[in-house]
*Asks:* 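I'd like to ask you about the structure that follows.
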Amino acid sequence: MAGFLRRLFGGGPPPSTPAVGERFFLDVECDHCGERFHLHINRATDCLQIFDEPGVAWRLQRDVVGARCRTSMQVRMDIGPGGQIVRRDIVHGRFLAPDEVTPGT
């Protein structure tokens, strides 16, 4: 009964976070003009390896500037040792969900 109540009121297991490989795509959209970006990320060359933060193995920090409005989006993502996304933040934009991404882009 306690397990049922915990799931009912949000105390269940946390949702699984997606894992990323050595290379992955990141889809973002500018808050100002709506321009979308399909970024290819190579963990070996685009991410910094982190040694002094528990649970974080790599950090991506990237500025994205589009052609339409020239607003700079700052993307930051922390990746754990197993490739799971631990934290992600974006300034002046938003991350696109997989169902928002147009196939073929």
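Owing to the predicted nature of the structure, the values given are computational and were not obtained by experimental measurement. All residue numbers in this chain count up from 1 along the given sequence.
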*Asks:* If two hydrophobic side chains count as joined below 4.5 Å and joins carry through other members, does Ile90 share a cluster with Leu39?
*Replies:* yes
*Asks:* For Arg94, check salt bridge (Lys or Arg N to Asp or Glu O under 4.0 Å) against everything at least two apart and list the hits.
*Replies:* Glu29, Glu100
*Asks:* Same cluster or not: are Val28 and Ile85 linked, directly or through other Ile, Leu, Val, Met, Phe, Trp or Tyr residues, by side-chain heavy atoms under 4.5 angstrom apart?
*Replies:* yes
*Asks:* Nearest 0.5 Å, please: how far is SG in Cys30 from CZ in Arg70?
*Replies:* 11.5 Å
*Asks:* Atom SG of Cys47 and atom CD of Gln61: how far apart are they, to the nearest 0.5 Å?
*Replies:* 10.0 Å
*Asks:* Do any side-chain atoms of residues 71-79 form donor-acceptor pairs under 3.5 angstrom with protein atoms, and if so which ones, sequence neighbours left out?
*Replies:*
{"unit_1": "Ser72", "atom_1": "OG", "unit_2": "Gln74", "atom_2": "NE2", "d": "3.2"}
{"unit_1": "Gln74", "atom_1": "NE2", "unit_2": "Ser72", "atom_2": "O", "d": "3.3"}
{"unit_1": "Asp78", "atom_1": "OD1", "unit_2": "Arg59", "atom_2": "NE", "d": "2.6"}
{"unit_1": "Asp78", "atom_1": "OD1", "unit_2": "Arg59", "atom_2": "NH2", "d": "3.4"}
{"unit_1": "Asp78", "atom_1": "OD2", "unit_2": "Arg59", "atom_2": "NH2", "d": "3.3"}

*Asks:* Do Phe37 and Leu26 pass the side-chain contact (heavy atoms from CB on, under 4.5 Å) test, and can you show the C-alpha distance, the side-chain angles, and the key distance before you say yes or no?
*Replies:* CA-CA 8 Å; Phe37 302 89; Leu26 188 61; over 6 Å; no
*Asks:* Ala67: which residues meet the side-chain contact (heavy atoms from CB on, under 4.5 Å) condition with it, sequence neighbours left out?
*Replies:* Glu35
*Asks:* Write out all pairs satisfying ring pair (Phe, Tyr, Trp, His ring centres under 6.0 Å) with one or both partners inside residues 39-67, taking only residues at least two apart or from two chains.
*Replies:* Phe25-His40
*Asks:* Who pairs with Asp46 by side-chain contact (heavy atoms from CB on, under 4.5 Å), at least two apart in sequence or on another chain?
*Replies:* Ile41, Asn42, Leu60, Arg62
*Asks:* Within the 3.5 Å criterion, strictly below it, is a donor on Asp31 or His92 matched to an acceptor on the partner's side chain?
*Replies:* no
*Asks:* Report whether Val20 and Val64 are members of the same hydrophobic cluster (ILVMFWY, side-chain heavy atoms less than 4.5 Å apart, transitive linking).
*Replies:* yes
*Asks:* Between Cys69 and Cys33, what is the shortest heavy-atom contact and its length?
*Replies:* SG-SG, 3.6 Å
